[in-house]
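Within every chain, numbering begins at 1; the chains are lettered A, B, ... in the order of the sequence lines, protein sequences first and strands thereafter.
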There are 2 protein chains.
Amino acid sequence: MKQKITLKDIAKELDVSISTVSKALKNSKEIGKDTKDRIKAFAKFYNYRPNNIALSLKNKRTKNIGVIIPDIVHHFFTTVFRGIEMYANQMGYNVIVCISDESFDKEVINMEMLANGSIDGFILSLSAETQRRNDFTHLKELLDQGIPIVLFDRVTQDVACDKVILNDIEISRESVTHFIKTGSKKIALITTENYFNVSESRKEGYLKALKDNNIPFDENLILTLPHDLDNTKLITEFFQKNKIEAVLCVNEIFAVQCMSVIQQLGFKIPDEISIIGFTDGILSRYSSPKLSTVAQHGEKMGELAAKMLINRMESTELVEEPFRTEVINATLIKRGSTIN
Amino acid sequence: MKQKITLKDIAKELDVSISTVSKALKNSKEIGKDTKDRIKAFAKFYNYRPNNIALSLKNKRTKNIGVIIPDIVHHFFTTVFRGIEMYANQMGYNVIVCISDESFDKEVINMEMLANGSIDGFILSLSAETQRRNDFTHLKELLDQGIPIVLFDRVTQDVACDKVILNDIEISRESVTHFIKTGSKKIALITTENYFNVSESRKEGYLKALKDNNIPFDENLILTLPHDLDNTKLITEFFQKNKIEAVLCVNEIFAVQCMSVIQQLGFKIPDEISIIGFTDGILSRYSSPKLSTVAQHGEKMGELAAKMLINRMESTELVEEPFRTEVINATLIKRGSTIN
DNA sequence: AAATGTTACGAAAACGGTTTCGTGTTGATA
DNA sequence: TATCAACACGAAACCGTTTTCGTAACATTT
């Protein structure tokens, strides 16, 4: 077993001081040419690499970013993560991921663990439970300790930090408007319980589009589904009870479930019923017909979040720049489940 | 801004030495009761937490695990990762993820970065390019430096370390046997280019099942598809040219693409053509009919990998235990795309 | 009273780097 | 020849812990 070589080893071997070795390897002009050459050659031969931990301790920065996401087995978060990882890596940062699993406690514990020196900053999307409890003291404390945070997608107004969000209101307004333009009037919304601010925003856009086009709002055309269950029955009843011409779903799972039900009931997609979902994932792309959907550009979102965080971490300004909230523009991808 | 408090701060404030503080907080009986109480109270009040970096430097272990996966936007890897994260977290480890993006260079660079002190061990699945090049010197060097590695799924015999794999051969034999038992004879295999040892294994199981049942192997019934393209045309031709009664696909994307094509061509699933895919992901569960598929139990695989790694890292044995290769038993989930 | 043991704490080294400052040896200048 | 930079390098502090070892003060034993 070849042990990793340290400055001390090199120093001893070449009979110079540790500081000389350190300086030589950084090409300091304090050190004479021959000494430098000797040291460099030796270091290269033994494949010397400085110890990251020692550097972190000395420099008081780790070049690690902490990412906390509610769920990794989820297309949107996965793409955001990929965006973060790519940009961070490119900038010489590593990414430590923790999964909060939608739990407040896990979110808190993970963040506190990482905050004790393991990372220089956080990127996170709030867990469902955190949003429900509306308790953000853990975030505030970390910010207070000078650890920068960037929130994405599931954010809150209650903490002052950088944020990246989707223009949920606007894009769902646009989607519903598309339904209306293509002749639908009875437009349904299938959503989740509303402690998610994103569901809330999507509903807001839905209502706005109706209002803009003088279509009366019908409470019965909104279906709220629990997460992760087989909702086939509820959806079937929903479509049997109501004469629906178009439906906006807040995620792609609901959307494909709808498609199945609708086809089962004998309606033609998109001629009789149009569908738009959220998240341009694998389901949307491989369903038949292919699902029209709102692309959330997760990768772009992750990249932007990472960029904002790294910017702030590396900023040398004495006065802190004001916090920004950046908006990623979602786009409506029109495929086979809508009349285009 | 509240700066994090250190042992030194406490020592100065309470007018004792740093060592006394350290010992008091660890409840050492070297320290008198009152001193201990004073220090503990103070530490608690100021919410003292030891600095992870300093601990890492001192203890020569980081409690971090490096995970290198080829692609995160991929159901199987995502579930494996979740398994790793859950177990690691539970054991007090954090997880640093790097995405190799199927690139040899990224795999090498990322591993070397992390190996310089950032992590205590690796869990990885080889990138496609690494498998193609058959170059594993980076792995061997790290092992040689005493850094433990656990390979999962995409492994190689060329490096001596712990491994976790799926019983690919057996499960695809089982799947094809199921086709045969339910009356199919003309059984196709849709696979990827074979530098993936997993594809290779699945093909082997396929062949074995045919042989066991005295069904002659027909080269024409194997379709090799490039990755990530729209393969609809190729698949359509394939089904038009050959009279096929059942098809095994090495992933779920191929499987749903097949389903679409088959339905388009007017065949009934599963009555005229049966399908089995690999990966029990979102696609399989929400297709119609629901896809019969091979569940790879990624989470279990990840958990096992993490367990093996942590075991080895924490082992105090002087003689190293021999390397093990553990096999995760995949299961065939029979749903609507097969006759059951 | 001397020897010994116990208690309660501090000094210092160590982990692996970076960086500031000091200094002995040159060679050039006045 | 005395003075002074410039050069080339080393000593030591520092980052925040843990841990070994030393020791002053007091108590106990013989």
Side-chain angles (χ1 to χ4, degrees), chain A residues 3-40 42-43 46-64 113-120 145-147, chain B residues 3-40 42-43 46-64 113-120 145-147:
Chain A
Q3 267 300 320
K4 281 238 109 183
I5 196 174
T6 70
L7 286 187
K8 195 199 266 192
D9 299 330
I10 302 183
K12 197 186 299 174
E13 210 62 38
L14 296 187
D15 211 37
V16 290
S17 77
I18 295 181
S19 20
T20 303
V21 178
S22 174
K23 287 171 191 164
L25 293 177
K26 311 200 94 183
N27 222 349
S28 155
K29 55 183 175 228
E30 257 186 83
I31 307 299
K33 180 158 184 342
D34 347 354
T35 320
K36 254 199 286 205
D37 289 348
R38 269 173 66 223
I39 294 178
K40 281 190 194 165
F42 191 90
Y46 282 100
N47 196 24
Y48 169 78
R49 296 270 179 274
N51 180 306
N52 290 331
I53 299 295
L55 287 180
S56 296
L57 185 57
K58 177 82 222 193
N59 301 333
K60 289 170 153 291
R61 48 190 260 263
T62 59
K63 285 251 171 185
N64 285 156
M113 266 234 56
L114 293 183
N116 295 319
S118 299
I119 52 90
D120 300 334
Q145 282 171 28
I147 299 179
Chain B
Q3 266 301 318
K4 280 239 109 184
I5 196 175
T6 70
L7 286 187
K8 194 198 265 191
D9 299 330
I10 303 184
K12 197 185 298 174
E13 210 63 34
L14 297 187
D15 212 36
V16 290
S17 78
I18 295 181
S19 19
T20 302
V21 179
S22 174
K23 289 170 190 165
L25 292 178
K26 312 201 96 184
N27 222 350
S28 157
K29 55 185 174 226
E30 259 185 81
I31 306 299
K33 180 159 187 343
D34 347 355
T35 320
K36 253 199 287 204
D37 289 348
R38 270 172 65 223
I39 294 177
K40 280 190 195 166
F42 191 90
Y46 283 100
N47 195 27
Y48 169 79
R49 295 272 178 275
N51 180 306
N52 289 332
I53 298 295
L55 286 181
S56 296
L57 185 58
K58 179 90 238 237
N59 300 334
K60 289 173 153 290
R61 47 189 259 259
T62 59
K63 286 249 169 186
N64 286 156
M113 264 233 58
L114 293 183
N116 295 317
S118 299
I119 52 90
D120 300 335
Q145 282 170 28
I147 300 179

Describe the nucleic acid contact of A:Ser22 in one word from base, sugar-phosphate, nothing, applying a heavy-atom distance below 4.0 Å. base

Please confirm whether the shortest side-chain N or O distance from B:Lys60 to OP1 or OP2 of C:dG16 is below 4.0 Å. yes

Is there a donor N/O on one and an acceptor N/O on the other, under 3.5 Å, for the side chain of A:Lys58 and the base of C:dT18? yes

Rounded distance in Å - CD1 (A:Ile18) to C1' (C:dG16): 8 Å

Mark yes when over 12 heavy atoms from residues, nucleotides or ligands other than B:Gln145 sit less than 6.0 Å from its CD; otherwise mark no. yes

Main-chain N/O of A:Ile18 paired to A:Ser22 side chain as donor or acceptor, under 3.5 Å: no

Have a look at A:Lys23 and say if it touches a base, only the backbone sugar-phosphate, or nothing, with a 4.0 Å heavy-atom cut-off. base

Among C:dG17, C:dA11, C:dC21, the one nearest A:Glu30 by side-chain distance: C:dC21

Minimum-distance nucleotide (side-chain atoms of B:Ala54 versus D:dG16, C:dG17, D:dG10): D:dG16

On the side chain of B:Thr20, is there an atom forming a donor-acceptor pair with the base of C:dA8 - under 3.5 Å, no angle test? no

B:Asp37/B:Lys33 salt bridge by N-O under 4.0 Å criterion: yes

Any donor and acceptor pair, going by atom type alone, linking the side chain of A:Asn51 with main-chain N or O of A:Ile53 inside 3.5 Å? yes

note: B:Leu57, atom CG; D:dT19, atom P; distance rounded to Å ~ 14 Å

Quick one: B:Ile10 CD1 to C:dG10 P, roughly how many Å, whole number? 14 Å

Let me know, please, whether A:Thr6 or B:Lys36 comes out on the 5' side of the other along DNA chain C by nearest nucleotide. B:Lys36

A:Lys4 NZ - C:dG17 C1' separation (whole Å): 14 Å

Starting from P on D:dT17, measure out to CG on B:Asn52 and report it in whole angstrom. 10 Å

For A:Asn51 and B:Val16, take the nucleotide of DNA chain C holding the closest heavy atom to each; which residue's nucleotide lies nearer the 5' end? B:Val16

Which part of the nucleic acid does B:Leu55 contact within heavy-atom distance under 4.0 Å: base, sugar-phosphate only, or nothing? sugar-phosphate

Whole Å only: how far is the CG atom of A:Asn59 from the P atom of D:dC15? 13 Å

Atom NZ of B:Lys8 and atom P of C:dA11 are separated, to the nearest Å, by 14 Å

Would you tell me if any nitrogen or oxygen in the side chain of A:Tyr48 comes within less than 4.0 Å of OP1 or OP2 on C:dG17? yes

Minimum-distance nucleotide (side-chain atoms of A:Thr35 versus D:dC9, C:dG16, C:dG10): D:dC9

Do the non-hydrogen side-chain atoms of A:Leu25 and A:Ile39 ever get within less than 4.5 Å of each other? yes

Check whether any side-chain N or O of B:Lys63 sits under 3.5 Å from a backbone N or O of B:Ser56 as a donor-acceptor pair, and report yes or no. no

What nucleic acid atoms does A:Ser56 come within less than 4.0 Å of, heavy atoms only: base, sugar-phosphate, or nothing? nothing

To the nearest Å, how far apart are A:Lys63 NZ and C:dG17 C1'? 16 Å

